[in-house]
Amino acid sequence: MSDKDASAVVLADEEGIARAAKVLAAGGLVAVPTETVYGLAARADDDAAVARIYAAKGRPGFNPLIVHVRDAEQAARYGDFSGPVLQDIAGARWPGPLTLVVERRQDAGLAEAVTAGLPTVALRAPAHPVMRRLLEMVDFPLAAPSANRSGFISPTSPEHVLASLDGRVDLVLDAGPTEAGVESTILRIGPGDEWHELRPGPVDVAALYRHYHDREMPGAPAAEGITAPGQLASHYAPGKPVRLEASEVAPDEFLIGFGAVAGDCTLSAAGDVNEAATRLYACLHEAARSDRPRIAVAPVPDEGVGRAINDRLRRAATPPD
Ligand code: AMP
Ligand code: MG
């Protein structure tokens, strides 16, 4: 499609999902709802289709994509889940907002660009009913990063998708706002049972570790120097300066509030981190659109999904290179 055409938007009912399946089968791009954020999906077994994702997002080629599957059984066609813990975790936590990075199978048949040349592959079975139905209708897995231009704020509604990618995606499946609000937790468990949280998210890795080992996870829970090329310092950027931990606001600042700090957009007046996660990107989008040149953000507690929120906020506050 040419850049000038508007993208088609369809309701995510059975007919809309069937149309999306056709577009994907033909190698097209579809923006799809997941329980975390909207994804920009293409068939993961097709080089040209995957290349379109990178082109539409302006995403650097060294940043690998997450491959979305129906369930653990399908995942095992692409990655090595032979470790007992891995199989168990996939069985227990999927479908859900947990991405597992495992050794890629030699016979995976995935487009090379999906894994950006790494020997590992990131897999997840999403829980959103629309995405699940879509994955049932097609006979290939879906590569799907967030449906926004690379480095910018992730989309939690079809409007956000269009604001960033209108004309660059063939079809948008409209299922309203998403629920979890921040991207999936990414967990790498190495062959010797080494655990690395590559990206904090809705699933608590430290709690999962305790469940399987009956002790605290060793080392820092956050990723450090791990093969996560996409964990860029600057990401989710609203295009203006962001000041964190703000308890008061300057006249030229748009304030994103939390708890007792009421803002122009408030993440959660009740001080609930889960509600805050759901609203994070909507508030960042509103702040980006506002006529004020700066953004200030109230402190958010670093507990539960609050860790994921602070991770995204730190990177939103880091200026691009
Ligand atoms: P997203 O941008 O939400 O699609 O998430 C993709 C992120 O998953 C990348 O930026 C990487 O950080 C991570 N990822 C994907 N594949 C791998 C992999 N094979 N090894 C390590 N991290 C990966
Ligand atoms: Mg993204």
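For ligands, and for the atoms within them, numbers begin at 1 and follow the listed sequence. Residue indices begin at 1 and follow the sequence shown. These numbers were taken from a predicted model, which means no experiment stands behind them.
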Is [X] reaching over with its side chain to a backbone N or O of [Y], donor-acceptor style, under 3.5 angstrom?
X      : Y      : answer
His196 : Leu198 : no
His213 : Tyr209 : yes
Lys240 : Ile295 : no
Arg124 : Ile66  : no
Arg59  : Pro64  : yes
Thr278 : Glu179 : yes

Please classify the Leu118 to ligand 1 contact at 4.0 Å (heavy-atom distances, strictly less than): side chain, backbone, both or neither.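 Leu118 to ligand 1: side-chain contact only, backbone stays beyond 4.0 Å.
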For ligand 1, the portion of Thr99 having any non-hydrogen atom under 4.0 Å away: neither
Distance filter under 4.0 Å to [X] heavy atoms, resulting ligand 1 atoms:
X      : answer
Pro145 : 4 (O)
Leu198 : 21 (C), 22 (N)
Asn63  : 9 (C), 10 (O)
Ile186 : 7 (C), 8 (O), 13 (C)
Ala122 : 15 (C), 16 (N), 17 (C)

Does [X] come within less than 4.0 angstrom of ligand 1, counting non-hydrogen atoms of the residue?
X      : value
Arg104 : no
Arg199 : yes
Thr115 : no

Under 4.0 Å between a side-chain nitrogen and a carboxylate oxygen: does that hold for Arg243 and Glu253?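 Result for this pair is yes, salt bridge flagged.
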Residues Arg210 and Glu216 bridged, charged N to O under 4.0 Å: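 Looking at Arg210 and Glu216, the cut-off is met.
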Please indicate whether any nitrogen or oxygen in Thr120 is less than 3.5 Å from any nitrogen or oxygen in ligand 1. yes
With nothing but distance in play, are any N or O atoms of Arg59 less than 3.5 Å from an N or O of ligand 1?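 Yes - when backbone and side-chain N and O of Arg59 are compared with those of ligand 1, one distance drops under 3.5 Å.
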Quick check for you: within a radius under 2.8 Å, how many protein N, O or S atoms neighbour the Mg ion (ligand 2)? 1
Return each pair, listed once, that meets side chain to side chain donor-acceptor pair (under 3.5 Å) where at least one residue sits in residues 289-301; pairs must be two or more places apart or across chains.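 Those involving residues 289-301 are Asp252-Arg294, Asp264-Arg292.
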Pairs touching residues 13-32 that satisfy side chain to side chain donor-acceptor pair (under 3.5 Å), sequence neighbours left out: Glu14-Arg133
With sequence neighbours left out, what residues match Tyr281 under ring-ring contact (aromatic ring centres under 6.0 Å, His included)?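 Tyr281 satisfies ring-ring contact (aromatic ring centres under 6.0 Å, His included) with Tyr236 once adjacent residues are dropped.
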With hydrophobic residues grouped by side-chain heavy-atom distances under 4.5 Å, do Phe140 and Leu173 end up in a single group? yes
